[in-house]
Amino acid sequence: MTTTETITWHVACQTADVPADGGACALINGRQIAIFHLARRNEWYATDNQCPHRQQMILSRGMTGSVGDEPKVACPFHKKAFSLKTGACLSGDDYQIDTFAVRIENGMVYIGLPA
Amino acid sequence: MNTQNNRRIVVLGNGMAGYKFCEKLIAKQLGSAIPFTLTVFGEEPRIAYDRVHLSAYFAGKTADDLALAPESWYTDNNIQLYLSDPVIAIDRDRKEVRSHHGHVVPYDYLIFATGSSAFVPQIPGVDKDGVFVYRTLEDLDLIRTYATKARHGAVLGGGLLGLEAANALLDLGLEAAHVVEFAPRLMPRQIDAAGSAILQRRLEDLGLQIHLNKSTQQLTGDGVINGMQFADGSLLSIDMLVISAGIRPRDELAKRSGLDVHPRGGIVVDNFLQTSDPAIFAIGECALVHSMIYGLVAPAYDMADVVAARLTGTEREFQPFDMSTKLKLIGVDVASFGDAFAEGDDCRTVCYENKAKGVYKRINISADGTTLLGGILVGDAAEYNQLLQVCKNKTILPPDPEDLILGNRGGEDVPGAGVMSLPDEALICSCEAVTKAQLCHEIGENGQTTIDALKKSTKACTGCGGCTPMVKDLIQAVQKQQGVYVRNVLCEHFDYTRQELLDLAKINQLTTYGAVLDTLGKGDGCEVCKPAVASILASLWNENILEKDRAPIQDSNDRYLANLQRGGTYSVVPRIPGGEITPDKLIAIGQVAKQYGLYTKITGGQRIDLFGAHVGDLPAIWEQLIAAGFESGHAYGKALRTVKSCVGTTWCRFGVQDSVSFAIEIENRYKGIRAPHKFKSGVSGCVRECAEAQSKDFGIIATDKGWNLYVGGNGGAKPQHAHLLVSDVDKATCVKLIDRFLMFYIKTADPLMRTATWINKMEGGITYLKAVVVEDSLGIAAELEGEMDALIANYSCEWKAVVESPALRQRFTHFVNAPTLKDPTVQFAPMRDQIQAQDWIR
Ligand code: SRM
Ligand SMILES: Cc1cc2nc3c(=O)[nH]c(=O)nc-3n(C[C@H](O)[C@H](O)[C@H](O)COP(=O)(O)OP(=O)(O)OC[C@H]3O[C@@H](n4cnc5c(N)ncnc54)[C@H](O)[C@@H]3O)c2cc1C
Ligand code: SF4
Ligand code: FES
C-alpha cells in the first residue's frame, strides 16, 4: 500500500542562514523546525526541533555527522542521536522525530509540511 | 503435542519476572509453526520496569527510562497486555482467569509472576498519613510529593532496601533521615557486627542517623504521623516514615484458587517451578522454591528461563542460587558473597579493618586454605566481582589468600586474580546468565569490543549492571590476548588516537575541521570526533574557536561560549581571577543580572554565575560585562577554569606568601588555553591549605622558603589528592614547571581525560612524570615551554570577538527567520527571590 500525503511548501530562510555542517531553527506555522545543511555531502534535512528525550527545543543546536552512511544529529543535552533521513533514534532508545522535505531554490530554503 | 489447544499462556503480573518470561518465550519459540498466544495482566498502571533501579527515579530517570521494553514491544510480539487490571479470580476447572475489568481469558498454562509487596508490621498507627512503602513508581511519586513539605524522615528497617530508601530521603532534601532497625546491626542478613559498625560510621558521615536495637511500639500523631515511640521508652519525632521491613509474597490469589501456599507465604513450587496444579507455574518473588523466597532479580530471571524452556520443550531444573549482593548506595560500598558468616573448625577467617578509612573486609577460607567460602566487604568493594567469581568457581587460592583483599604486597601478580584466569563457564552476568566463554566469543570472534555492543548481543550488563567493570576488563584482556594493541582511536571517522591526531595536525599545519577530516579521516564526522578535533586545533593554534568552519564542531557549550541549561537557556560566568573582585564590578554584575532577569549564585570556584540567559541575549550581556572590565571565564570550555586563592599574607595572620597575587598571575597566564579536559588550580598561602590546592589539577602551596607544586588532584566523583612535584621553588621555576606539565598533558592525554586519570594511566605514573617535567628526561622541556608561550601569546577574549563581529553575533538567535523572538517554550519557575529552570517535562 502506498500512502500519499499532501505537503505545503513554506519558505524558511536563506541558505546562508544555516551554517555549513550545522543547523538552524525556523518558526513555521507556529511549529519549530530544525534545518540542517550537511555541506560536505551537499544535502539538506529538516526535522522537529524538539528532542523527544526530555522535550527540549534544541536539536537545531545539535551536532551533525554520520554513522556509516547515515546522516545524523546528536542532541546537545544527553547526546541522543537521530537519523536525519528517517528520524529514528540511533542511540538504542525508542524515540522518533518527524522529518520534513526540504527544497532549495534561488538561495532560499523551503520546508514541506503536511498540509 | 503442539496443537492449537495447548498454546494459550496467561501471565499474572507485568513485573520483572513476568516480562522476562515473555521475552524468553518469544526468543525460544522463534520460527515455531504455531506460536503461543500470550496474555499478560498487570496490576500496575505502567508497563514492566526496572524495579532494581527504582531509586534512580529520584535521581532524574523517568518511567520511560526504567521501562524494560517499550509498549510497542508487546504489540510487535502479539502480546495482549492489560494494565491496571489485576486478575481477581481463577477457575481452574474451566481453565479461565477473570480480571478486575471483567476480561475472561482461557489458558492452557498459567504463570504466576505476581511478585511481592512490602511487609508492613502491625504497629498501631501504620495507617496514618505520611507512612509509605518503597516498592513501585507510584510509591515513589507519593513519597516525592509528601517530602516537599516534610523535614524529618525515617525508614523502618536497616536492610538493603531500607538503606537505599533512607539515602533517597536525603536526596529528596529532607533535613534529617533516620534509620530504625530492630536488630543490633545494619543489614543483618548480609554483614557481621564488625562490618555493620564500619558501615554505620560511613552512613553517619553521609548524614544518616542510625538507631539500632529499636523495637517500635507505635506511631504517634493525630491522623498524620509525627513520631515513633519505642519499647525502651524513647521517642523520635519525624514527619514521614518509609517502611522497609521485608517482603510478603503476593500469594493471595493462589491461595483463593486452592493452590498450595506456605503458611509463612509463597506459592509452593517444585524445582521446575510447577505449582500443585500442573498447568500453573510460579516465578519470581511470589514463588517458594527450595523452601525459600529469592528476593533478587537474577534468580527471578532464571526461573523465567526455566519455565520458558520447559514450555518450548527443554527441561531444566532451577538450581539453588547464589544470594551475593552489593548495595547500590552512593558513597559507601557494601557487598557480601557466598557464605558470609562461615565460622567454626572448617573455616579460617581473615579480616582487615581500617577504622580511619572506614574499610572492613572479611574472607572465609576453607580449613585447608584452598577455596574461598564467602566474605564481606564494607567501604571498599572494588574486589567484589573478582572474589565472587573465585568463590563461585572454587578457584584454587593463592598461597597467601589475604592478598585477595589486601592486594599483593610482594610485587608479582596474584595468581588467579585476573579475569582471564576464570574458567570458561564462570557466570560473569548472573542476571542474564552470561558466561565468560560467551563474552570472550563475542569479543574475540565477533569483534564486539564495546559495552553497548555486548549489551545488544549478549544482554550482559543490562540487569543490575554490577558486572560492567568485569566485562570491561574482559574486553581489554581478550584484545590483549589477541595481540591487538589497544589503541584508543577516536571513532569510526578517525583511525588515530588523540595524541597521533594532534601530532599529524601540527605537522600538516591543519587549522580547520574540514582540512583535518579530508587529510586524516573519512565520512562526515560525529559528536565524538568533532569536539576532540576542535580541542586539538585550539590547543595547537589558539585561534578563535568559532571562526573558519569551527563553530559547528564545538560542543554546545563552546559553540555558544556559555553553559547550556535544562530548558535551553545559558549561564554566563565572567572571569574573576583568584576570586578577587572590586565593589564596582560586583555592582556591574548585579545590574546585568537585573536587566536580563538572571538567577545569580556564587559558584564553588569562587566566582559568580548568572543563569537563565536566552541565547539571543548573550552577546548583549557580554557587551555590558566587557564594558565593566570583565572577560570570558571559560566556564563552558575544556580549558582553565578557576585558580582559587586564599587571602594569604594580604590579610591572614598565618600567611607566609602572597597567594592572591600569585593566583591572579597564574589565572591570567593560562586563561583561555584549551586542553583535553578542563583544568583547575588553587594557591594557598600556608600549609593550612584554605584554597584546597591539593584537590586541583595543579596546586600551589606557600612555604616559608617558596612554593610547593602539586599535580594531578581531582574533585568530582572519584576525588584524589594531588602528588607533590617539587618543593620550595621560587615563582619563576614554579611557572616554568607548570608550563611543561600542562603542555605535556595537552599533547598526550586522551579526550575528556582529567590530569588525575592521565597520571593514573601513565606507565611509570608520577615518577615518570617527574622525570619528564622536572628532570627533562625526554629533552623536550624547552619545546614544551615554547609551545606554551605561543598559546599564551595568542590569547584573546572570545566573548569580545563575538560582540565585535556582526557575522558571529548573527548566529546567536533561536529562530533564523525571527531573530528577535525568544523561544516561547522556555519557562522558569520561581525560586526563593529568584527564578529557576523549569523541571524536565516528563
Ligand atoms: C557552577 C558550578 C556549581 C556551583 O554552582 O558552584 C558547576 C557547575 C557545573 N559543573 Fe562542576 N561546577 C562548579 C564547580 C565544580 C567543582 C569545584 C571547584 O572547581 O572547585 C568541581 C570539583 C573539582 C574538580 O573539577 O576536580 C566540579 C566538578 C565537576 C565535574 C566532575 C569532573 C571530574 O573530573 O570528575 C563535572 C563533569 C565534567 O566536567 O565532565 C562538572 C560539570 C559541571 C557542569 C558544567 C555540568 C554541565 O555540563 O552542565 C555544570 C554547569 C552548570 C551550568 O549550567 O552552569 N563539574 N565542579 C561550579 C562552577 C565553578 C566555576 O566558577 O567555574
Ligand atoms: C527499591 C528496590 C530495590 C531493589 N534492588 C535490588 C537489587 O539491587 N538487586 C536485586 O537483585 N533485586 C533488587 N530488588 C528486588 C527486585 O526488584 C525483585 O526481586 C524483582 O522485581 C522480582 O520480580 P517479580 O516479577 O517477581 O516481582 P515484581 O517486579 O514486583 O512484579 C510483580 C508484578 O505483579 C503485579 N501483580 C501482583 N498481583 C497481581 C495480579 N493478581 N494480577 C496482575 N498483576 C499482579 C504487581 O503489581 C507487580 O507489578 C529491589 C527491589 C526494590 C523494591
Ligand atoms: S552543578 Fe555540578 S554537582 Fe551540581 S548538579 Fe551540576 S554537575 Fe552536578
Ligand atoms: S533532551 Fe535530547 S538527549 Fe536528552
Side-chain angles (χ1 to χ4, degrees), chain A residues 10-14 16-28 30 32-33 35-41 43 49-58 60-81 90-96 109 111, chain B residues 60 62 64-65 67 69-73 452 455-456 491-493 513-514 517-518 522-531 534 546 548-557 559-560 564-568 615 807 810-811 813-819 821 823-826 838-842:
Chain A
H10 300 264
V11 66
C13 58
Q14 300 184 353
D17 290 338
V18 184
D21 290 304
C25 170
L27 187 63
I28 301 176
Q32 299 198 18
I33 309 288
I35 304 168
F36 301 98
H37 180 201
L38 270 62
R40 295 180 64 85
R41 307 160 59 113
E43 289 167 0
N49 192 36
Q50 188 174 61
C51 175
H53 174 231
R54 285 289 181 270
Q55 273 70 36
Q56 301 287 303
M57 281 296 185
I58 203 73
S60 64
R61 291 180 227 165
M63 204 173 280
T64 61
S66 63
V67 49
D69 197 40
E70 191 82 2
K72 63 169 180 173
V73 62
C75 175
F77 275 99
H78 313 95
K79 299 274 156 71
K80 307 271 179 204
L90 303 173
S91 355
D93 296 282
D94 202 38
Y95 298 118
Q96 173 75 38
V109 182
I111 305 295
Chain B
T62 61
D64 279 353
D65 294 335
E71 202 149 356
S72 56
W73 181 85
D452 280 344
K455 273 187 181 172
K456 279 197 187 133
C491 65
E492 65 173 75
H493 305 107
Y513 180 73
L517 192 57
D518 288 340
K522 55 174 185 286
D524 309 300
C526 66
E527 69 278 12
V528 175
C529 59
K530 283 183 172 180
L546 299 184
K548 300 189 180 160
D549 70 348
R550 291 184 299 246
I553 64 164
Q554 307 294 336
D555 244 331
S556 177
N557 286 354
R559 172 151 179 216
Y560 290 95
L564 175 64
Q565 260 108 39
R566 194 173 72 217
V615 63
Q810 196 201 332
R811 296 287 187 216
T813 58
H814 186 72
F815 295 113
V816 261
N817 60 347
L821 192 66
D823 178 0
T825 66
V826 168
Q838 196 194 33
D839 204 359
W840 299 114
I841 304 165
R842 293 173 204 271

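A, B, ... follow the sequence lines: proteins, then strands. Residue 1 opens every chain.
Using a 4.5 Å heavy-atom threshold, the side chains of B:Thr62 and A:His53 count as separate. With contacts defined as side-chain heavy-atom distances shorter than 4.5 Å, the pair A:Pro76/B:Arg559 does not qualify. Contact annotation: the side chain of A:Ser66 approaches that of B:His493 to within less than 4.5 Å [non-hydrogen atoms, C-beta and beyond]. Here the side chains of B:Thr825 and A:Gln32 are in contact, with some heavy-atom distance below 4.5 Å. Side-chain contact check for B:Lys530 versus A:Thr64: some heavy-atom pair is nearer than 4.5 Å.
The contact between A:Val18 and chain B is made entirely by backbone atoms, counting heavy-atom distances below 4.5 Å. Interface remark: A:Leu27 contributes backbone and side-chain atoms alike to the contact with chain B (heavy atom separation under 4.5 Å). Proximity to chain B is absent for every atom of A:Asp69, based on heavy atoms less than 4.5 angstrom apart. Neither the backbone nor the side chain of B:Thr813 comes within less than 4.5 Å of any heavy atom of chain A. Residue A:His37 does not touch chain B at all, counting heavy-atom pairs closer than 4.5 Å. Contacts between A:Ala20 and chain B at a heavy-atom distance below 4.5 Å involve the backbone alone (N, CA, C, O). Within the 4.5 angstrom heavy-atom criterion, only side-chain atoms of A:Tyr95, from C-beta onward, approach chain B.
The pair A:Arg54-B:Asp65 meets the salt-bridge criterion, with a side-chain N (NZ, NE, NH1 or NH2) lying under 4.0 Å from an Asp/Glu carboxylate O.
Note that the CG atom of A:Asp21 and the OH atom of B:Tyr513 stand 8.5 Å from one another [nearest 0.5 Å].
When each of B:Cys491, B:Ser556, B:Gly525 is checked for heavy-atom pairs under 4.5 Å with chain A, B:Gly525 comes out on top. With chain B as partner, the option from A:Ala26, A:Cys13, A:Ala24, A:Gly22 having the largest number of non-hydrogen pairs under 4.5 angstrom is A:Ala26. With chain B as the partner, the residue from A:Gly23, A:Gly62, A:Gly68 showing the most heavy-atom pairs under 4.5 Å is A:Gly68.
When all heavy atoms are compared, the tightest approach of A:Asp17 to B:Arg811 is O-NH1, 2.9 Å. When all heavy atoms are compared, the tightest approach of B:Gly567 to A:Gln56 is N-OE1, 2.6 Å.
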**Request:** Verify side-chain contact (heavy atoms from CB on, under 4.5 Å) between A:Lys79 and B:Val528, making sure each step is shown before the conclusion.
**Result:** CA-CA 10 Å; A:Lys79 299 274 156 71; B:Val528 175; over 6 Å; no
**Request:** Give the C-alpha distance, both sets of side-chain angles, the deciding distance and a yes or no for side-chain contact (heavy atoms from CB on, under 4.5 Å) between A:Met63 and B:Asp555.
**Result:** CA-CA 8 Å; A:Met63 204 173 280; B:Asp555 244 331; 4.1 Å; yes
